[in-house]
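Accompanying notes for the structure given below.
Convention: sequence-line order gives letters A, B, ...; per-chain numbering from 1. Computed from a predicted model, the values in this text were never measured in an experiment.
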Amino acid sequence: MGCDARSVAAAVVAAAGVVGEHRDELVRLDQAMGDADHGENLRRGFGFVVSALDESTPDTPGAVLKLVASVLISKVGGAAGPLFGTSFLRAAGAVGAAEELTPELVSAALGAALGGVVARGKAELGDKTMVDALAPAASARGADIPTLLTAAAIAADAGAESTIPLVARKGRASYLGERAIGHLDPGARSVALLLRSFANSAMGL
Amino acid sequence: MGCDARSVAAAVVAAAGVVGEHRDELVRLDQAMGDADHGENLRRGFGFVVSALDESTPDTPGAVLKLVASVLISKVGGAAGPLFGTSFLRAAGAVGAAEELTPELVSAALGAALGGVVARGKAELGDKTMVDALAPAASARGADIPTLLTAAAIAADAGAESTIPLVARKGRASYLGERAIGHLDPGARSVALLLRSFANSAMGL
Amino acid sequence: MKKIINNPADVVTDALRGLAAAHPALLRVTRDPAVVAWAGSPVAGKVAVISGGGSGHEPLHTGFVGPGMLDAACPGAVFTSPTPDQVQAAAAQVDGGAGVLLLVKNYTGDVLNFETAAEFLDNTRTVLIDDDVAVQDSSFTAGRRGVGATVLVEKIAGAAAAAGADLDTCARLAEAVVAGARSMGLALTAPTVPHVGSPSFVLPEDEVEVGIGIHGEPGRRREPLTDASALVAALLEPILDDLPFVAGDEVLLFTNSMGGTPLLELYLAHGIAEELLAARGITVIRRLVGPYVTSLDMQGISLTLLRLDPALTDLWDAPVHTAALRWGM
Amino acid sequence: MKKIINNPADVVTDALRGLAAAHPALLRVTRDPAVVAWAGSPVAGKVAVISGGGSGHEPLHTGFVGPGMLDAACPGAVFTSPTPDQVQAAAAQVDGGAGVLLLVKNYTGDVLNFETAAEFLDNTRTVLIDDDVAVQDSSFTAGRRGVGATVLVEKIAGAAAAAGADLDTCARLAEAVVAGARSMGLALTAPTVPHVGSPSFVLPEDEVEVGIGIHGEPGRRREPLTDASALVAALLEPILDDLPFVAGDEVLLFTNSMGGTPLLELYLAHGIAEELLAARGITVIRRLVGPYVTSLDMQGISLTLLRLDPALTDLWDAPVHTAALRWGM
Ligand SMILES: Nc1ncnc2c1ncn2[C@@H]1O[C@H](COP(=O)(O)OP(=O)(O)O)[C@@H](O)[C@H]1O
Ligand SMILES: Nc1ncnc2c1ncn2[C@@H]1O[C@H](COP(=O)(O)OP(=O)(O)O)[C@@H](O)[C@H]1O
Ligand SMILES: [Mg+2]
Ligand SMILES: [Mg+2]
Ligand SMILES: [Mg+2]
Ligand SMILES: [Mg+2]
């Protein structure tokens with residue numbers, strides 16, 4: 001009933017399902033401001049992730065996260081591939097070789113994930129990107145993993161919603177100027193969806 | 001009050017006006033079975049004819065018809081250019097150097113026009129072409145020119161209508177097979193329009 | 001109608017101005033009557049090769065003017081064959097004294113206008129191109145229309161003329177290409193003719209027109225929009241059966257976009273056609289893939305197969321330099 | 001959605017199969033990861049030039065692979081930049097030992113994926129292409145995107161590499177082209193992405209999107225659909241003002257179709273642009289007219305101007321043999 005490699009892998013598989021369910025929504029969000037591929041990119045990417053996890057489940061939570069990272073980086077492309085990939089890679093680094101995750105490790109992983117996205121994408125809060133969802137999520141705290149991830153998911157949701165009135169300064173939506181106002185950022189939405197799914201998985205532990 | 005060069009030229013100018021008014025109708029007819037240019041071809045061609053007649057009116061009816069022929073042949077292109085052009089050229093030949101047209105000459109002109117179209121286009125009655133309007137028109141008789149041309153116009157109208165149920169064997173509509181059934185042939189329609197206009201001009205003599 | 005044009009009546013003239021500007025060293029473009037001639041013409045002692053037809057099929061024919069292909073092209077109004085005056089003016093410009101070969105797509109208008117011009121010209125030969133198997137072949141009708149094979153005829157006859165072949169030889173080779181080439185096309189959408197302003201026909205989202213020509217005329221029949229494999233097979237089967245093409249044949253496969261179909265789909269269709277031919281034991285030894293015989297903005301494709309022999313293959317491979325087709329120079 | 005495709009998820013793979021079939025002697029196409037390489041690569045001692053990006057812009061980039069231009073192209077999913085694996089595989093295939101030049105359109109996804117690949121490669125230089133004046137240039141944003149200039153960068157850097165220039169020189173020339181090139185585009189219709197099935201945006205019959213990119217993203221603003229003269233001027237003015245281009249400049253003018261716009265309209269637009277430039281005292285000494293940087297079936301055009309000097313002009317003129325651009329060989 002601890003959060004071991006198997007639980008983390010199961011959570012990733014569940015998240016892949018959520019991505020699949022929301023594929024069309026994410027495509028539509030990206031169609032409004034971008035190139036209409038975000039939902040398809042993540043669906044494709046998490047499809048490969050599930051296949052990879054089917055073949056072999058790594059031993060530690062960190063190794064699972066690293067596998068997810070390498071599949072996303074090598075199979076997705078676009079902005080989402082490297083950014084999500086890097087976030088999982090940094091998260092893997094943060095949890096190291098631990099056999100089971102703790103709230104502290106999860107918190108560290110979220111912070112590292114944010115650091116990775118910012119390092120790669122150079123976006124700041126308010127640039128209307130996934131950072132607007134991930135940054136508040138990384139600041140969430142909780143005494144246990146379900147509580148922590150639920151708080152993170154709620155923060156990510158609010159952060160994603162906060163992108164609606166913004167003009168974009170990074171990513172494809174930055175080409176639109178004022179016309180980006182009124183639209184939810186697809187990457188922020190997918191961060192929120194993933195965290196909500198992780199929180200739900202954690203509740204079931 | 002006879003049918004001299006000036007009357008023939010005036011009739012041609014009036015016919016050009018009718019072509020202009022029916023340009024869109026002829027385009028639509030040609031759009032249904034062909035390439036949607038018949039009305040535009042005739043409008044363009046008769047526009048050049050009017051300009052040519054503006055510059056100088058030839059001395060005889062035959063010379064007017066010959067001028068019309070040469071403008072249509074050299075400016076229109078498509079099937080209509082050579083076919084209408086040849087019909088006017090043969091009609092010019094039939095009326096020769098006469099100063100004024102007589103019913104006999106008009107009748108000979110219509111017969112020659114038909115002969116010209118058939119010689120060039122090799123269409124037979126029932127092939128769903130302008131021949132289906134011109135052939136019955138060429139058989140019309142009348143004691144004076146207005147009567148003759150009115151009979152010809154009525155015959156051409158009926159001939160044009162008779163193309164509706166036909167499958168085409170010549171021209172672009174022949175590519176459609178059974179799908180040509182139910183459509184009026186644009187060239188037959190324009191023959192009928194021209195003859196109706198000539199009849200109206202003759203009435204006003 | 002959404003088009004990048006000024007006055008619809010002037011589109012051909014305006015486009016010719018742009019063509020002349022874009023290819024100043026290659027082309028000599030004259031107006032009234034409109035002729036696009038190779039700047040290097042006339043070449044004394046060389047057969048002059050001339051084609052033409054209605055505009056709206058670009059790059060056909062103007063994009064194929066240049067050394068190794070056409071000496072001149074006569075662009076008519078949109079979808080309207082050119083006038084005899086244009087053909088006569090073209091011949092006057094490019095005739096090098098060895099005769100003039102007129103390559104004419106088999107449409108009533110084209111045939112009549114070129115025929116009239118030919119009456120005024122000495123030493124011409126006319127070859128009619130009629131490769132579209134969608135049209136029933138019959139001596140009682142206007143016969144088959146000329147479509148994709150036109151590019152192949154122009155290339156091969158042009159190469160023969162460039163190599164010094166005489167008029168009869170050039171005409172014989174052009175006829176050989178016509179004899180060995182068959183085509184068929186389909187449309188997903190209709191073109192919009194500038195002087196009309198509305199699509200030439202209306203096609204539901206789930207239907208294709210099969211057996212279309214290149215002038216926005218409806219096709220032989222409508223069929224459900226199926227997947228690419230079925231669509232390509234529906235074009236290829238009637239082509240193969242018609243000549244027929246048989247196992248052991250060496251062919252050129254020309255996969256043509258009608259204008260609005262993007263290269264991604266075109267190459268996809270081409271790949272399927274190659275696989276179907278391989279399965280029949282027919283060897284594709286040359287290919288052409290692109291929008292070469294178009295119908296304005298129509299979405300759709302056509303396939304053309306030409307049976308090759310070594311002589312035709314060499315002529316296909318010979319250097320050519322035109323706006324739309326270029327290799328070896 | 002009306003497209004000639006089988007499974008929407010397979011369009012790129014299926015199209016690559018057709019591309020390979022169509023150009024067996026020119027291209028070596030590998031899958032997993034997808035790479036289109038010149039069959040003659042690697043050339044020992046020659047700088048390898050690699051580009052890539054999302055699919056749906058054909059012939060960019062795969063149509064520009066061959067001697068005198070790209071050694072390899074990495075086609076991503078439709079409108080999705082390729083993965084680092086593709087770039088690494090391409091480099092492994094075509095690296096001739098003299099270094100690898102990566103030509104990257106400035107989009108976040110392209111930059112990040114090529115950057116990741118470059119971390120694994122020795123002796124690479126990356127040049128970012130960002131020529132679209134429709135995007136405000138600012139250090140706080142993702143910056144300008146790469147559009148039409150990409151073809152010019154690929155041609156000129158490819159020619160330099162073919163001529164034996166070293167990696168730094170090739171990179172410097174590519175940067176010179178980026179520095180001297182500016183573009184802007186407009187759309188009359190939106191593209192339909194295969195995996196989406198509906199047009200990327202909906203544009204009324206009487207409006208155009210001005211300042212569009214090549215991924216179906218909306219433009220900077222909507223404007224009434226005016227005549228071609230006004231549309232061309234609306235693209236050209238911001239381009240001229242940006243560099244700026246001034247009287248006396250010698251330029252290459254690239255009039256590009258976004259895919260669905262027929263050649264008739266494209267040449268018409270090109271003619272207007274030539275006239276506007278002549279009126280400004282800017283001399284067009286080279287041109288490119290055609291659908292080279294497309295956005296699937298989108299109707300629209302873009303203009304790209306490049307200020308030329310004799311060195312760049314010579315490299316532009318150098319022989320090239322690719323599926324989409326070919327001369328001198
Ligand atoms: N520089 C950046 N930093 C952080 N996130 C970014 C950046 N650029 C883009 N994104 C995120 O990526 C999302 C788009 O992903 P996707 O559509 O898959 O890639 P692409 O933009 O290449 O098509 C955006 O909604 C945004 O959240
Ligand atoms: N062989 C023919 N004989 C007589 N009339 C013909 C023949 N072919 C076509 N036509 C007539 O020409 C008309 C079409 O003219 P038009 O649209 O101007 O030319 P095109 O078919 O070249 O576009 C048809 O409606 C038909 O009446
Ligand atoms: Mg996207
Ligand atoms: Mg017509
Ligand atoms: Mg016509
Ligand atoms: Mg993308």
Check: Non-hydrogen atoms of chain C under 4.5 Å away: do they reach the side chain of A323(D), the backbone, both or neither?
Finding: side chain
Item checked: Gap between atom CG of L16(D) and atom OH of Y267(C) - 0.5 Å precision -> 11.0 Å
Next item on the list: Give a yes or no answer on whether the side chain of R17(C) reaches the backbone of L268(D) with a donor-acceptor pair at less than 3.5 Å.
Entry: no
Next item on the list: Rounded to the nearest 0.5 Å, what's the gap from CG on L266(C) to CG on L19(D)? Could you check?
Entry: 11.0 Å
Check: Do any N or O atoms from the side chain of E205(D) and from the backbone of M1(C) form a donor-acceptor pair under 3.5 angstrom?
Finding: yes
Check: Which one, G328(C), A22(C), G259(C), leads in non-hydrogen pairs under 4.5 Å with chain D?
Finding: A22(C)
Note to self: Distance check, rounded to the nearest 0.5 Å: W327(C) atom CH2 versus H321(D) atom NE2?
What the structure shows: 9.5 Å
Check: Do any N or O atoms from the side chain of E265(C) and from the backbone of I4(D) form a donor-acceptor pair under 3.5 angstrom?
Finding: yes
Note to self: For L225(D), which atoms come within 4.5 Å of any heavy atom of chain C: side chain, backbone, both, or neither?
What the structure shows: side chain
Item checked: K2(D) side chain vs P204(C) backbone, donor-acceptor pair below 3.5 Å -> yes
Check: Given a strict heavy-atom distance threshold of 4.5 Å, which part of I272(D) is in contact with chain C: side chain, backbone, both, or neither?
Finding: side chain
Margin query: Quick check on V289(D) against chain C: is it the side chain, the backbone, both or neither that has a heavy atom closer than 4.5 Å?
Written below: side chain
Next item on the list: Tell me, for E275(C) versus chain D, whether the close heavy atoms (under 4.5 Å) come from the side chain, the backbone, both or neither.
Entry: side chain
Next item on the list: Tell me, for A230(C) versus chain D, whether the close heavy atoms (under 4.5 Å) come from the side chain, the backbone, both or neither.
Entry: neither
Notebook entry, point to check: Run the side chain to side chain contact (heavy atoms under 4.5 Å, CB included) check on D227(C) and I5(D) step by step: do they pass?
Noted result: CA-CA 6 Å; D227(C) 65 12; I5(D) 58 174; over 6 Å; no
Item checked: Sidechain-backbone polar pair: R287(D) side chain, H23(C) backbone, donor-acceptor under 3.5 Å -> no
Next item on the list: Against chain D, work out which of P24(C), A273(C), G56(C), A20(C) has the most heavy-atom pairs shorter than 4.5 Å and name it.
Entry: P24(C)
Item checked: Max heavy-atom pair count under 4.5 Å with chain D, selected residue of D297(C), L188(C), V78(C) -> L188(C)
Next item on the list: Could you walk me through whether T294(D) and L263(C) pass side chain to side chain contact (heavy atoms under 4.5 Å, CB included), step by step?
Entry: CA-CA 9 Å; T294(D) 65; L263(C) 274 190; over 6 Å; no
Item checked: Contact leader toward chain C among A269(D), A21(D), P262(D), G260(D), where contacts are heavy-atom pairs under 4.5 Å -> A21(D)
Check: In terms of heavy-atom proximity below 4.5 Å to chain D, should P191(C) be classed as side chain, backbone, both, or neither?
Finding: neither
Checklist line | Under 3.5 Å: donor-acceptor pair, side chain of N6(C), backbone of S229(D) | finding: yes
Checklist line | Under 4.5 Å from any heavy atom of chain C - which part of V284(D) | finding: neither
Checklist line | Which of A25(D), G271(D), A15(D) touches chain C most, by non-hydrogen pairs under 4.5 Å | finding: A15(D)
